[in-house]
Amino acid sequence: MNYWLMKSEPDEFSIRDLAARPQQTEGWHGIRNYQARNFMRDEMKVGDRVFFYHSSCKVPAIVGVAEVASHVYPDSSAWDPESDYFDPKSSPDAPRWLQLDIRFVKEFAKPVTLTAIKSHPGLADMLLVQKGSRLSIQPVDDIHWKLIHQMAGESL
DNA sequence: GCCAACGTTGGC
DNA sequence: GCCAACGTTGGC
């Protein structure tokens with residue numbers, strides 16, 4: 001099993017929004033970056049665990065855990081002209097963008113803030129804190145997965 | 001709102 | 001295939 005981190009702006013879609021969805025599951029649409037898409041397509045497996053990260057907000061932080069709940073399938077928002085994620089180069093015949101389903105697992109009582117992550121020596125090589133790392137989906141090392149659970153006071 | 005660091009686009 | 005211009009991300 002692999003571990004991942006997925007970013008979301010809480011003003012757009014927070015971990016509580018995920019928990020409130022039917023089956024606590026949401027199609028993770030809107031990914032428009034090839035590297036992130038390829039992770040979903042090639043490496044993410046049903047059952048993989050995911051850190052849910054709140055970005056572009058007052059206190060950026062890992063706020064909980066979700067899991068991969070489906071394989072990839074076409075992201076239909078790409079061919080919806082009304083959608084913020086519309087991409088004229090994608091079509092039902094030749095889908096350029098993909099999504100998969102993410103299911104809520106738990107919300108941390110104590111989120112692990114970006115500040116805390118940056119100040120912990122054991123997390124210095126985490127992708128999230130590498131300079132210029134803007135990937136909205138990124139792999140997480142086992143060691144970092146465990147350490148962040150410890151910092152959150154959560155069991156694995 | 002600023003801006004550094006990227007990714008994408010398109011002319012050549 | 002190069003690279004300048006442009007758009008986006010995301011912390012601060």
Side-chain angles (χ1 to χ4, degrees), chain A residues 2-21 26-44 48-68 72-102 104-141 143-145 147-154:
Chain A
N2 290 316
Y3 299 117
W4 303 94
L5 180 145
M6 297 173 91
K7 298 179 183 175
S8 188
E9 301 187 16
D11 289 348
E12 299 293 325
F13 191 77
S14 71
I15 192 163
R16 293 188 180 176
D17 294 326
L18 179 62
R21 280 288 194 267
E26 172 78 353
W28 206 255
H29 62 281
I31 297 295
R32 297 291 179 269
N33 170 281
Y34 289 104
Q35 209 177 343
R37 181 202 67 183
N38 294 348
F39 278 137
M40 289 196 291
R41 186 189 62 196
D42 303 332
E43 299 193 44
M44 296 179 82
D48 279 0
R49 293 286 164 125
V50 177
F51 279 142
F52 199 107
Y53 179 81
H54 283 173
S55 67
S56 294
C57 55
K58 267 241 169 81
V59 185
I62 294 171
V63 294
V65 176
E67 67 181 355
V68 177
V72 282
Y73 55 96
D75 180 348
S76 59
S77 69
W79 56 72
D80 173 9
E82 302 300 312
S83 169
D84 289 344
Y85 303 110
F86 177 62
D87 179 355
K89 290 170 182 161
S90 188
S91 70
D93 288 341
R96 169 176 298 214
W97 303 113
L98 305 170
Q99 66 182 31
L100 42 68
D101 292 343
I102 290 295
F104 175 82
V105 173
K106 64 178 167 183
E107 180 180 358
F108 290 161
K110 187 165 91 75
V112 179
T113 65
L114 180 61
T115 307
I117 292 168
K118 282 183 168 171
S119 61
H120 197 299
L123 298 173
D125 55 347
M126 205 180 163
L127 220 50
L128 183 68
V129 293
Q130 299 308 304
K131 185 152 83 168
S133 170
R134 303 179 307 166
L135 263 182
S136 58
I137 299 177
Q138 47 186 264
V140 173
D141 288 352
I143 291 176
H144 299 152
W145 183 266
L147 188 47
I148 284 165
H149 274 79
Q150 284 176 23
M151 293 165 74
E154 301 276 344

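To find a chain, count down the sequence lines: A is the first, B the second, and so on, and within it residues start at 1.
- Put simply, NZ on A/K58 is 15 Å from P on B/dG1, counting in whole angstrom units.
- Every residue was checked against the ring pair (Phe, Tyr, Trp, His ring centres under 6.0 Å) condition with A/F104, not counting sequence neighbours, and none meets it.
- Within the 3.5 Å criterion, the main-chain N or O of A/Q150 finds no donor-acceptor partner in the side chain of A/E154.
- Under the rule for a ring pair (Phe, Tyr, Trp, His ring centres under 6.0 Å), the partners of A/H149 that lie at least two apart in sequence or sit in another chain are A/F51, A/F108, A/W145.
- Between the side chains of A/S90 and A/R32, no donor-acceptor pair of N or O atoms lies under 3.5 Å.
- Under the 3.5 Å distance criterion, with hydrogens and angles disregarded, a donor-acceptor pair is assigned to the side chains of A/D17 and A/S14.
- Near-neighbour residues of DNA chain B inside residues 74-87 of chain A, defined by a heavy atom below 4.0 Å, are absent.
- Distance A/D11 CG to C/dG11 C1': 15 Å, rounded to the nearest Å.
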Restricting to nitrogen or oxygen on both sides, can you table the protein-nucleotides 6-10 of chain B pairs closer than 3.5 Å?
from  : atom 1 : to     : atom 2 : distance (Å)
B/dC6 : OP1    : A/K131 : O      : 2.6
B/dC6 : O2     : A/R134 : NH1    : 3.1
B/dC6 : O2     : A/R134 : NH2    : 2.7
B/dG7 : O4'    : A/R134 : NH2    : 3.4
B/dT9 : OP1    : A/K89  : NZ     : 3.4

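- Of the inter-residue distances, the one linking A/R21 atom CZ with A/E26 atom CD reads 4.0 Å to the nearest 0.5 angstrom.
- Rounded to whole angstrom, the span from the CG atom of A/L128 across to the C1' atom of C/dG11 amounts to 11 Å.
- The ring pair (Phe, Tyr, Trp, His ring centres under 6.0 Å) search around A/Y34 returns A/W97, not counting sequence neighbours.
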Taking distance alone, no hydrogens or angles, what donor-acceptor pairs closer than 3.5 Å link side-chain atoms of residues 52-68 of chain A to residues at least two apart or in another chain?
from  : atom 1 : to     : atom 2 : distance (Å)
A/H54 : NE2    : A/I15  : N      : 3.2
A/E67 : OE2    : A/R103 : NH1    : 2.7

